[in-house]
Amino acid sequence: MMICEWQTFSTDAETYTQDLFEEIVGDPFEAMLMKENEEIPSCIWTVNYVVIVKKYSKVLTEILFEKIPRNPVCE
């Protein structure tokens, strides 16, 4: 489900508010994709990036953000 308002989510180590996320990524939030029965978004859109949220631990709930430019310039 596409959500256009920030929904705070948590891992074992951190609670991600909109302010914290924007500080980490360095870009303003626009929308997030929440899959059914998931508490952590799979994808977050900012003004300039699509941020893939990757889980990297099977034992703990730990994530990392992969920033991909929304409008890359190809020459």
Side-chain angles (χ1 to χ4, degrees):
M1 168 188 326
M2 184 67 68
I3 301 172
C4 294
E5 292 183 17
W6 182 263
Q7 182 175 344
T8 299
F9 59 94
S10 297
T11 64
D12 290 337
E14 189 72 64
T15 297
Y16 292 92
T17 62
Q18 182 173 348
D19 290 337
L20 177 60
F21 174 79
E22 289 176 348
E23 181 180 320
I24 291 169
V25 175
D27 208 33
F29 165 81
E30 285 197 336
M32 62 174 47
L33 178 65
M34 297 291 289
K35 292 187 178 176
E36 193 170 322
N37 300 323
E38 293 285 332
E39 296 181 15
I40 296 175
S42 58
C43 192
I44 302 172
W45 285 264
T46 67
V47 171
N48 296 299
Y49 298 99
V50 175
V51 180
I52 309 287
V53 181
K54 294 185 173 185
K55 295 180 185 177
Y56 68 88
S57 175
K58 292 185 180 187
V59 177
L60 300 173
T61 305
E62 294 298 326
I63 60 173
L64 60 91
F65 299 120
E66 179 181 353
K67 290 178 11 178
I68 301 170
R70 282 180 77 164
N71 299 308
V73 176
C74 296
E75 294 182 23

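These values consider heavy atoms only, across backbone and side chains, with no hydrogens, waters or symmetry-generated copies.
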Report task. Could you identify which residues cluster with Leu64, counting Ile, Leu, Val, Met, Phe, Trp and Tyr as linked when any side-chain heavy atoms lie under 4.5 Å apart, either directly or through a chain of such contacts? Result -> Tyr56

Query raised in the report: For residues 23-42, which residue pairs qualify under ring-ring contact (aromatic ring centres under 6.0 Å, His included), counting only residues two or more places apart or in two chains?
Result: Trp6-Phe29

Query raised in the report: With the 4.5 Å side-chain cut-off for hydrophobic clustering, are Val50 and Leu33 part of the same group?
Result: yes

Query raised in the report: Does Gln7 have any side-chain hydrogen bond (donor to acceptor under 3.5 Å, both in side chains) partners at least two apart in sequence or in another chain, and if so, which?
Result: none

Query raised in the report: What salt bridge (Lys or Arg N to Asp or Glu O under 4.0 Å) pairs are there with at least one residue in residues 22-36, not counting sequence neighbours?
Result: Glu30-Arg70

Report task. State which residues pass side chain to side chain contact (heavy atoms under 4.5 Å, CB included) with Ser10; sequence neighbours excluded, sorted by chain then number. Result -> Thr15

Query raised in the report: Can you check ring-ring contact (aromatic ring centres under 6.0 Å, His included) on Phe65 and Tyr49, steps first, answer last?
Result: CA-CA 11 Å; Phe65 299 120; Tyr49 298 99; over 10 Å; no

Query raised in the report: Thr46 versus Phe21: any side-chain heavy-atom pair under 4.5 Å?
Result: yes

Query raised in the report: What residues form a side-chain hydrogen bond (donor to acceptor under 3.5 Å, both in side chains) with Lys54, not counting sequence neighbours?
Result: Glu66

Query raised in the report: Considering residues at least two apart in sequence or located in another chain, which fulfil the side chain to side chain contact (heavy atoms under 4.5 Å, CB included) criterion with Met2?
Result: Ala31, Trp45

**Report entry** Residues which pass side chain to side chain contact (heavy atoms under 4.5 Å, CB included) with Asn71, listed by chain and number, not counting sequence neighbours
**Finding:** none

Query raised in the report: Measuring from Ile44:CD1 to Tyr16:OH, what's the distance to the nearest 0.5 Å?
Result: 9.5 Å

**Report entry** Residues forming a salt bridge (Lys or Arg N to Asp or Glu O under 4.0 Å) with Lys67, sequence neighbours excluded
**Finding:** none

Query - Counterpart residues, salt bridge (Lys or Arg N to Asp or Glu O under 4.0 Å), relative to Glu14 (two or more places apart) - result: none

Query raised in the report: Who are the side-chain hydrogen bond (donor to acceptor under 3.5 Å, both in side chains) partners of Glu39, not counting sequence neighbours?
Result: none

Query - Common cluster, Val53/Val25, ILVMFWY with side-chain heavy-atom separation under 4.5 Å - result: yes

Query raised in the report: Going hydrophobic residue to hydrophobic residue with side-chain gaps under 4.5 angstrom, can you get from Met34 over to Leu20?
Result: yes

**Report entry** Residue among Ile40, Ile3, Val51 satisfying side chain to side chain contact (heavy atoms under 4.5 Å, CB included) with Met32
**Finding:** Ile3

Requested in this report: With sequence neighbours left out, write down each residue that passes side-chain hydrogen bond (donor to acceptor under 3.5 Å, both in side chains) with Glu38, or none if nothing qualifies.
Outcome: Lys55

